[in-house]
Trainee: 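Before I ask anything, here is the structure I am working with.
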2 protein chains.
Amino acid sequence: MNDCWMITFLYYGCRTRGEHMRITKEHDVRRNEILDTAEMLFETKGYSNTTVNDILREVNIAKGTFYYYFKSKEEVLDAVIERHLEKGLERAEAVKKRKDLSPAEKLTQVVLVLRMAGPKSEVVDELHKPENALMHQKSLGGIIRGLVPILNEIVEEGIRAGVFSTPFPEQTVRIMLAAALTLTDDAMFSYTQEERQQLLEAIVYSLETLLGAERGSLGLKTHLLQGERGEEEKA
Amino acid sequence: MNDCWMITFLYYGCRTRGEHMRITKEHDVRRNEILDTAEMLFETKGYSNTTVNDILREVNIAKGTFYYYFKSKEEVLDAVIERHLEKGLERAEAVKKRKDLSPAEKLTQVVLVLRMAGPKSEVVDELHKPENALMHQKSLGGIIRGLVPILNEIVEEGIRAGVFSTPFPEQTVRIMLAAALTLTDDAMFSYTQEERQQLLEAIVYSLETLLGAERGSLGLKTHLLQGERGEEEKA
DNA sequence: TCACGACCGACCGACCGTCGGTCGAACTAT
DNA sequence: ATAGTTCGACCGACGGTCGGTCGGTCGTGA
């Protein structure tokens, strides 16, 4: 075994570049390496601007290896989004179950928690629209499909508690979520600070209205929605 | 001069295919040919599935000609969307100016009018999400940017007339428009007939609520919103 | 009046670099 | 041995470029 290592090492030493190292890893480890790298690159350079070769170079694997784990570049996108989504949904679910929060507080808390590690948050991606259209559309769809049931349960709880009131709980949630996600997508619209503030106010106000909630019971901390970005780096 | 024509004609006649004809046209004529063809193909096969070569073949021009008129495939997309948008906004504007309609009626009329020639309506495009993400994102953004001011004026008129009432007229319009467009995008979500009906009801209901409009003053004809395929059963 | 040649916008299509994806050989661990 | 991995040469399609062609027009001089 050690012999093998020596041989490999010497061979590698002969090459001036770091090429041609054959490194075997556990399935999930390798898969996650690819996913992590892809995620980083997608957020940094945009999806369509990220080449499969870019990922290859970064992960230090060959084309074949990549396609051994994923059948297409788009499948990687799906997986990246899926992972993000799961994490977010878990957190939302956790908030839903908390006993120390009122339904209204849960609603704002879910939003807060999702914003912290939402589909975006990185620094240098001022590259907008075209290169990420697919990515945005897919996450939007996923978030709505996944989050609506959770939020709906919270709303129904609120209705039972008498603090909310609406004939269309689920659809209301769907509508306001879709609007909020679409309109706050920096890739699609750009606002001044005031415009943004006004939009968020209006969203909170509308949600309160549609849910028949007491004025001010949601939001209030809307200013938190725009600042703050969660940083998470690793090596 | 006529000689030249003869030569060209004979040369053409020698070829079995319609190749190698040099046909000169006025700038705008040619440009619109390209645009028309591109629009058709984008709607038929989807944007990313449509090749520049597809367009070339259909219009019967060479690569160079295409790039003489447009600097990229995406620029054609923009132009196509722009054209659509202009047409739609004109119609909306026309509705806004009508004196024979109440503000509420204008609102529903605008929606109706846009649905008729909206970004979708064609026949065989069951090809969904990925190939049209860019197209959808771009039209969504354009429609919202263009339509919000018009709808807002209608709403403000309604407020002045005392039939609407809201502290955030423009933002309300923006929110509901974004939600409606996003959620009714077949490329992103698929509903059963009942789900769709319920969603549309909820949208109308929500809009009435947010605008402080009389219940039933908007919508009522929501069933028209889903027809558009020539299949109208229940009323 | 006409001929001619310079000019120019429209047009052509071979060619190019890049990219997503394939394939079969080769390596590793068991 | 063999199943699970990894490799990288290779492929075809695609968006885009480039040097050059064609034919109409217009100014000029015979």
Side-chain angles (χ1 to χ4, degrees), chain A residues 1-12 15 17-34 38 41-42 45-57 59-78 130-131 134, chain B residues 1-12 15 17-34 38 41-42 45-57 59-78 130-131 134:
Chain A
M1 205 210 271
N2 279 332
D3 291 351
C4 291
W5 266 100
M6 277 307 288
I7 290 164
T8 303
F9 180 73
L10 287 172
Y11 182 35
Y12 168 40
R15 303 308 205 94
R17 304 270 311 122
E19 312 157 1
H20 200 288
M21 273 202 316
R22 195 183 197 93
I23 300 176
T24 307
K25 298 196 178 175
E26 219 169 299
H27 191 92
D28 276 5
V29 174
R30 185 64 96 188
R31 188 185 149 90
N32 276 321
E33 272 183 16
I34 296 173
L41 289 174
F42 289 167
K45 323 176 42 173
Y47 172 69
S48 71
N49 288 336
T50 299
T51 298
V52 172
N53 279 316
D54 289 340
I55 302 175
L56 269 29
R57 206 177 310 123
V59 184
N60 214 29
I61 56 173
K63 214 52 167 304
T65 308
F66 178 92
Y67 282 96
Y68 174 73
Y69 286 94
F70 300 95
K71 55 186 274 299
S72 72
K73 182 188 170 190
E74 196 179 328
E75 194 178 284
V76 176
L77 214 213
D78 289 337
E131 45 269 27
L134 224 203
Chain B
M1 208 207 269
N2 280 331
D3 293 352
C4 291
W5 265 100
M6 277 307 287
I7 289 165
T8 303
F9 181 72
L10 288 174
Y11 180 37
Y12 167 41
R15 306 307 205 93
R17 303 273 311 125
E19 311 158 3
H20 199 291
M21 273 203 314
R22 194 184 194 92
I23 301 176
T24 304
K25 297 197 179 174
E26 223 169 296
H27 192 91
D28 276 5
V29 174
R30 186 63 96 189
R31 188 185 149 90
N32 276 321
E33 272 184 17
I34 296 174
L41 289 174
F42 290 167
K45 322 175 43 174
Y47 171 69
S48 72
N49 287 337
T50 299
T51 297
V52 171
N53 279 315
D54 289 341
I55 302 175
L56 268 31
R57 206 178 309 122
V59 184
N60 215 31
I61 55 172
K63 221 31 171 317
T65 307
F66 179 92
Y67 283 96
Y68 174 74
Y69 286 95
F70 300 94
K71 55 186 277 297
S72 71
K73 183 187 170 190
E74 196 179 327
E75 194 177 284
V76 176
L77 213 212
D78 289 336
E131 45 269 26
L134 224 203

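Within every chain, numbering begins at 1; the chains are lettered A, B, ... in the order of the sequence lines, protein sequences first and strands thereafter. What's counted below: heavy atoms across the whole structure, side chains too, no hydrogens, waters or symmetry copies. What you are looking at is a predicted structure, and each value in this text was computed from that prediction instead of being measured.
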Trainee: So which one's nearest nucleotide on DNA chain C is more toward 5', A:Thr65 or A:Ser48?
Mentor: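 Closest to the 5' end, via its nearest nucleotide, is A:Ser48.
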Trainee: Whole angstrom is fine here: how far is it from CD in B:Glu75 over to C1' in D:dG16?
Mentor: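 Between C1' of D:dG16 and CD of B:Glu75: 13 Å.
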Trainee: Figure out the CD1/P separation between A:Ile55 and D:dT6, and round it to whole Å.
Mentor: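 Atom CD1 in A:Ile55 sits about 16 Å away from atom P in D:dT6.
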Trainee: Rounding to an integer number of Å, can you tell me how far B:Leu56 CG sits from C:dC11 P?
Mentor: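 Atom CG in B:Leu56 sits about 12 Å away from atom P in C:dC11.
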Trainee: For B:Thr51, report the nucleic acid contact type (base, sugar-phosphate, nothing); a contact means any heavy atom under 4.0 Å.
Mentor: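 It contacts sugar-phosphate atoms only.
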Trainee: Is A:His27 near enough to D:dT5 that one of its side-chain N or O atoms lies under 4.0 angstrom from OP1 or OP2?
Mentor: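 So the side-chain polar atoms of A:His27 do come within 4.0 Å of the phosphate oxygens OP1 or OP2 of D:dT5, strictly under.
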Trainee: In this structure, how many angstroms lie between the C1' atom of C:dC11 and the CZ atom of B:Arg31, rounded?
Mentor: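 About 17 Å, once rounded to whole Å.
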Trainee: Looking only at side-chain N and O atoms, does B:Lys63 come under 4.0 Å of OP1 or OP2 in C:dG13?
Mentor: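 Looking at the OP1 and OP2 atoms of C:dG13, neither is under 4.0 Å from any side-chain N or O of B:Lys63.
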Trainee: Could you tell me how far apart A:Tyr47 (OH) and C:dG20 (P) are, to the nearest whole angstrom?
Mentor: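 Going from OH in A:Tyr47 over to P in C:dG20 covers 8 Å.
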Trainee: Given that B:Asn53 and B:Thr24 both sit by DNA chain D, which one's nearest nucleotide is further toward the 5' end?
Mentor: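 Checking each residue's closest nucleotide, the 5'-ward one belongs to B:Asn53.
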Trainee: Could you check B:Val59 against B:Thr65 for side chain to side chain contact (heavy atoms under 4.5 Å, CB included), going step by step and ending with a plain yes or no?
Mentor: CA-CA 10 Å; B:Val59 184; B:Thr65 307; over 6 Å; no
Trainee: Taking OP1 and OP2 of D:dT5, is either one under 4.0 Å from a side-chain nitrogen or oxygen of A:Tyr68?
Mentor: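 It does, given that an N or O in the side chain of A:Tyr68 lies less than 4.0 Å from OP1 or OP2 of D:dT5.
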Trainee: Could you tell me how far apart A:Leu134 (CG) and C:dG20 (P) are, to the nearest whole angstrom?
Mentor: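 The distance from CG of A:Leu134 to P of C:dG20 comes to 13 Å, rounded to the nearest Å.
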Trainee: Can you check whether A:Arg30 has a side-chain N or O nearer than 4.0 Å to OP1 or OP2 of D:dT6?
Mentor: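 So the side-chain polar atoms of A:Arg30 do come within 4.0 Å of the phosphate oxygens OP1 or OP2 of D:dT6, strictly under.
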Trainee: Base, sugar-phosphate alone, or nothing: which one does B:Tyr69 contact when heavy atoms must sit under 4.0 Å apart?
Mentor: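 It contacts sugar-phosphate atoms only.
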Trainee: Heavy atoms, side chains only, cut-off 4.5 Å: are A:Glu26 and A:Asn32 in contact?
Mentor: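 No, every pair of side-chain atoms sits at 4.5 Å or beyond.
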Trainee: In whole angstrom, give the distance that lies between atom NZ of B:Lys71 and atom P of D:dT17.
Mentor: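 It works out to 9 Å between those atoms.
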Trainee: Looking at B:Tyr67, I'd like to know whether one of its side-chain N or O atoms comes within less than 4.0 Å of OP1 or OP2 on D:dT17.
Mentor: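 So the side-chain polar atoms of B:Tyr67 never come under 4.0 Å of the phosphate oxygens OP1 or OP2 of D:dT17.
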Trainee: Just call it for A:Thr50: base, sugar-phosphate, or nothing, with non-hydrogen atoms closer than 4.0 Å on any strand.
Mentor: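 Sugar-phosphate: the residue A:Thr50, judged by heavy atoms under 4.0 Å, touches backbone atoms but no base.
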Trainee: Are A:Lys73 and A:Phe66 in a cation-pi setup, meaning NZ or CZ lies under 6.0 angstrom from the ring centre and within 45 degrees of the ring axis?
Mentor: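 Geometry flag: not set, cation outside 6.0 Å or 45°.
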Trainee: So, does the side chain of B:Arg22 form a donor-acceptor pair with the base of C:dC11 at under 3.5 Å?
Mentor: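 Looking at the base of C:dC11, it does pair with a donor or acceptor on the side chain of B:Arg22 (distance under 3.5 Å).
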Trainee: Could you tell me how the ring of A:Tyr69 sits relative to the ring of A:His27: parallel (under 30°), tilted (30 to 60°) or perpendicular (over 60°)?
Mentor: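 Plane angle between 30° and 60°, so tilted.
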Trainee: In this structure, how many angstroms lie between the P atom of D:dT5 and the CZ atom of A:Phe66, rounded?
Mentor: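 Checked: the CZ to P distance equals 17 Å.
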